[in-house]
Trainee: 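This is the structure, below, for whatever I ask next.
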Amino acid sequence: MSDDRMRGDKLLCEVFKSSRKEQMYLYVDKRQGVEEVPEVLLERFGKPQPAMTLILTPEKSLGRARAMDVMAAIREKGYYLQMPPAKEEYLLDLYRTPTEARY
């Protein structure tokens, strides 16, 4: 990515949500779209569903990632993949064992 606009402190970013995995998002340069994203990743991600477009700056506040890291990944690889948050082990236990009524 040698475009001079990619080197500045702002990046026009498009965010897609996965059609296969809840809370999985793909951040890309709006001008490039998903053309830089490897085909194997897109197969696992599913059909990208547009979620939002935003201007990233290094100081921008994001929910689960640092904007600087997202921008760096987009500039280096052409995309940033945000995985769903890990499930806490104690929450998984609720689904494994039935709860017992306590009187």
Trainee: Could you tabulate the donor-acceptor pairs under 3.5 Å formed by side-chain atoms of residues 19-27, not counting sequence neighbours?
Mentor:
unit_1	atom_1	unit_2	atom_2	d
Ser19	OG	Lys47	N	2.8
Ser19	OG	Lys47	O	3.3
Arg20	NH1	Glu43	O	2.1
Gln23	OE1	Arg64	NH1	3.4
Tyr27	OH	Gln82	OE1	3.1

Trainee: Identify which one of Gln49, Met52, Lys30 satisfies the side chain to side chain contact (heavy atoms under 4.5 Å, CB included) criterion when paired with Val15.
Mentor: Met52

Trainee: Same cluster for Leu12 and Phe16 if Ile/Leu/Val/Met/Phe/Trp/Tyr side chains link at under 4.5 Å?
Mentor: no

Trainee: Name the atoms and distances for all side-chain donor-acceptor pairs under 3.5 Å in residues 53-61, with sequence neighbours left out.
Mentor:
unit_1	atom_1	unit_2	atom_2	d
Thr57	OG1	Glu59	OE2	3.3
Thr57	OG1	Lys60	N	3.4

Trainee: Could you measure the distance from the CD atom of Gln32 to the SG atom of Cys13? Nearest 0.5 Å is fine.
Mentor: 12.0 Å

Trainee: Can you tell me how far apart CD (Glu14) and CD1 (Ile74) are? Round to the nearest 0.5 Å.
Mentor: 11.0 Å

Trainee: If hydrophobic clusters are built from ILVMFWY residues whose side chains come within less than 4.5 Å, do Leu62 and Met71 share one?
Mentor: yes

Trainee: Are Phe45 and Val34 close enough that some pair of their side-chain heavy atoms sits under 4.5 Å apart?
Mentor: no

Trainee: Look at the side-chain heavy atoms of Ile, Leu, Val, Met, Phe, Trp and Tyr, link any pair under 4.5 Å apart, and say whether Leu41 and Val28 land in one connected group.
Mentor: yes

Trainee: Which distance, rounded to the nearest 0.5 Å, do you find between the CZ of Arg66 and the OH of Tyr80?
Mentor: 10.0 Å

Trainee: Any chance you could measure Tyr79, atom OH, to Asp29, atom CG, to the nearest 0.5 Å?
Mentor: 15.0 Å

